Undergrad: 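One structure, as structure tokens, below. Some questions next.
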Amino acid sequence: MDNAPDRGRPDIATPLVAWFRDAARDLPWRRPGFPAWGTLVSEIMLQQTQVARVVPRLEAWLTRWPTPADLAASPPGEAVRAWDRLGYPRRAIALHAAATAIAEQHGNVVPRDVDALLALPGIGDYTARAVAVFAYGDRHPVVDVNVRRVLARALLGHGQPGPAKAKQDLPLMESVLPEDRDAAAATNAAVMELGALVCVARSPACDACPIADRCAWRAAGYPEHDGPRAPKQARFAGSDRQVRGLIMAELRSSDVPVLRSEIDLVWPDDAQRERALASLLRDGLAVGDDAGGYTLPSV
DNA sequence: CAACCGTGGCT
DNA sequence: TAGCCAAGGTT
């Protein structure tokens, strides 16, 4: 047990892991024996998507496709349909492609190596490490928005994390991790859970925080955020994203090709509708057939 | 690096 | 209620 903090920083790992043992939510991917494939699917579903919306889709997904090869054997359009309304349906296409690569190039076993995971479509810096740590118990820093916020507050004394910089937070999280593998994995999960349940973006529950006594932000009197902020999300109403979503809803709900005349009904602006449809075709989320209809991808 | 990519919960 | 925010990734 080596929990010695680096660089004179306070030890947040020990109290957070102790807190996590009691406070951790009972989530599917924390069940004993949960497969690495399930962890991979869950992490992709969880990208920018709340836990409560993911859980039911995840369980249905794993029942239908218990291994990567099972998913690879279905058409990608079925993955898009099962994705339902989780949003960012390109993730479903990427997950299908990742499953195909795992089945064909990795013996149907989800890779354990971070670089091998990074080479899969739809898997970036966060997801690769999350799979290596949460599915395989390896020792890597896992940095998502929750972790960035906890570190910004507890260690740097900032109210909010700055814009996500290229891997700048990885060394900081690394400095928090105990040497021991299992303890490091638990610390990753605990910091993330604190950010999700207690050290939330708005109205953090500092009274219930297990590291309030060593929080730099609290010690500094909760200064307002000064540095650069993360960029604001683009307006959704009236956006191309909304139009894409409306077209995708049509395609998902139809067993037969959707005619142009039906797609024309989902949005009044011709140019924007055409732009959205073209981008869906480009992304492989929609396919045009010979008869001028559109479907989800069947191959 | 900035812009883009869905959908819904929460205050 | 309008806006913020969510276990990010790709281009």
Side-chain angles (χ1 to χ4, degrees), chain A residues 24-25 27-30 38-58 80 83-95 97-98 117-135 140-150 160-170 173 185 188-197 199-204 225 228-252 266 272 275-276 278-280 282-286:
Chain A
R25 291 168 290 179
L27 297 171
W29 45 91
R30 292 176 178 162
T39 301
L40 194 165
V41 174
S42 74
E43 292 297 348
I44 291 181
M45 287 185 170
L46 286 163
Q47 292 168 4
Q48 297 288 284
T49 308
Q50 299 90 329
V51 167
R53 289 206 291 144
V54 163
V55 170
R57 291 293 102 223
L58 173 68
V80 173
W83 198 255
D84 198 31
R85 304 182 63 82
L86 282 179
Y88 294 142
R90 293 194 295 198
R91 292 183 290 169
I93 295 289
L95 179 52
L117 287 160
L118 282 171
L120 297 172
I123 296 190
D125 221 44
Y126 162 76
T127 306
R129 290 181 171 76
V131 170
V133 170
F134 299 137
H140 305 281
V142 178
V143 177
D144 74 334
V145 66
N146 292 305
V147 171
R148 298 200 327 107
R149 186 173 52 251
V150 170
Q160 301 289 151
K165 293 288 216 262
K167 305 184 179 177
Q168 265 207 302
D169 301 294
L170 288 175
M173 186 57 183
N188 278 306
V191 174
M192 202 176 304
E193 191 79 341
L194 188 80
L197 298 182
C199 193
V200 293
R202 288 182 292 180
S203 308
H225 187 69
R229 291 295 301 268
K232 271 180 298 193
Q233 252 179 41
R235 169 188 110 271
F236 178 69
S239 67
D240 286 6
R241 287 152 85 163
Q242 181 180 19
V243 182
R244 283 169 55 107
L246 292 169
I247 296 173
M248 287 306 299
E250 285 295 311
L251 298 183
R252 281 197 309 268
V266 308
Q272 190 175 20
R275 192 165 63 238
S279 74
L280 292 173
R282 201 176 321 126
D283 287 345
L285 284 162

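Here is how names work: the chains are called A, B, and so on, in the same order as the sequence lines, proteins then strands, and each is numbered from 1. Because the structure is a prediction, the values reported are computed rather than measured.
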Undergrad: When rounded to the nearest Å, what value does the distance between P atoms of B/dG8 and C/dG9 take?
TA: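 Those two atoms are separated by 22 Å.
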Undergrad: Please confirm whether the backbone N or O of A/Arg85 pairs with a side-chain atom of A/Arg53, one donor and one acceptor, at under 3.5 Å?
TA: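 Yes.
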Undergrad: Is it the case that the side chain of A/Asn188 and the backbone of A/Val142 share a donor-acceptor pair, with hydrogens and angles ignored and the cut-off at 3.5 Å?
TA: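 Yes: the side chain of A/Asn188 pairs with the backbone of A/Val142.
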Undergrad: Report yes or no: does A/Thr49 contribute a side-chain atom to a donor-acceptor pair with the main-chain N or O of A/Gln47 at less than 3.5 Å?
TA: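 Judged by distance alone, yes, a pair lies under 3.5 Å.
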Undergrad: Considering only heavy atoms, which members of residues 124-135 of chain A lie under 4.0 Å from some atom of DNA chain B?
TA: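 Under 4.0 Å from DNA chain B: no residue of residues 124-135 of chain A.
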Undergrad: If the sugar-phosphate is the primed atoms plus P, OP1 and OP2 and the base is the rest, what is the B/S/- string for nucleotides 5-11 of chain B, using protein heavy atoms under 4.0 Å?
TA: BBBB---
Undergrad: Using atom types as modelled and distance alone, determine if a side-chain donor or acceptor of A/Glu43 lies under 3.5 Å from a backbone N or O of A/Thr39.
TA: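 Flag not set: sc A/Glu43 to bb A/Thr39 has no pair under 3.5 Å.
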Undergrad: Using a 4.0 Å cut-off to any heavy atom of chain A, which nucleotides of DNA chain C are the first and last in contact, reading 5' to 3'?
TA: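 Going 5' to 3' along DNA chain C, contacts run C/dG3 to C/dT10.
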Undergrad: Under a 3.5 Å distance rule, please check whether A/Gln48 uses its side chain to pair with a backbone N or O of A/Gly87 as donor and acceptor.
TA: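 Here the side-chain-to-backbone pair does not exist.
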Undergrad: If you find the nucleotide of DNA chain C closest to A/Glu193 and the one closest to A/Leu118, which residue's nucleotide is nearer the 5' end?
TA: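 The residue whose closest nucleotide sits nearer the 5' end is A/Glu193.
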Undergrad: If every non-hydrogen atom of A/Pro89 is compared with every non-hydrogen atom of A/Met248, which pair is closest and at what distance?
TA: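 Heavy atoms only, the tightest pair is CG-CG, 4.4 Å.
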Undergrad: Counting the atoms with a prime plus P, OP1 and OP2 as sugar-phosphate, which does A/Arg57 contact under 4.0 Å by heavy atoms, base, sugar-phosphate, or nothing?
TA: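 The answer is nothing, as A/Arg57 stays clear of every strand by at least 4.0 Å.
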Undergrad: A/Pro56: what forms a side-chain contact (heavy atoms from CB on, under 4.5 Å) with it, not counting sequence neighbours?
TA: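 Listed in chain order: nothing, the list is empty.
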Undergrad: How would you label the contact of A/Trp29 with the nucleic acid (heavy atoms, under 4.0 Å): base, sugar-phosphate, or nothing?
TA: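 Since a base atom lies under 4.0 Å of A/Trp29, the category is base.
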Undergrad: For the residue pair A/Leu40 and A/Leu95, establish whether any side-chain heavy-atom pair is separated by less than 4.5 Å.
TA: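 Answer yes - side chains close enough.
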Undergrad: Under 4.0 Å, heavy atoms only, any strand: does A/Ile247 hit a base, just the sugar-phosphate, or nothing?
TA: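 A/Ile247: no heavy atom of the nucleic acid under 4.0 Å.
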Undergrad: Please check: side-chain N/O of A/Arg91 versus main-chain N/O of A/Met45, any donor-acceptor pairing under 3.5 Å?
TA: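 Pair found, side chain donor or acceptor close to backbone of A/Met45.
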Undergrad: Report the residues that fulfil side-chain contact (heavy atoms from CB on, under 4.5 Å) with A/Ala196, sequence neighbours left out, ordered by chain and then residue number.
TA: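 Listed in chain order: A/Arg25, A/Asn146.
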Undergrad: Can you check the distance between B/dC4 and C/dA7, where both ends of the measurement are the P atom (answer in whole Å)?
TA: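 One P to the other, the span is 24 Å.
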Undergrad: Across the strands shown, which category fits A/Val54 at heavy-atom distances under 4.0 angstrom: base, sugar-phosphate, nothing?
TA: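 Result for A/Val54 = nothing.
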Undergrad: If you look only at pairs with a residue in residues 232-244 of chain A, which of them pass as a salt bridge (charged side-chain N to carboxylate O under 4.0 Å, His left out), with sequence neighbours excluded?
TA: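 Matches after skipping sequence neighbours: A/Asp240-A/Arg275, A/Arg244-A/Asp283.
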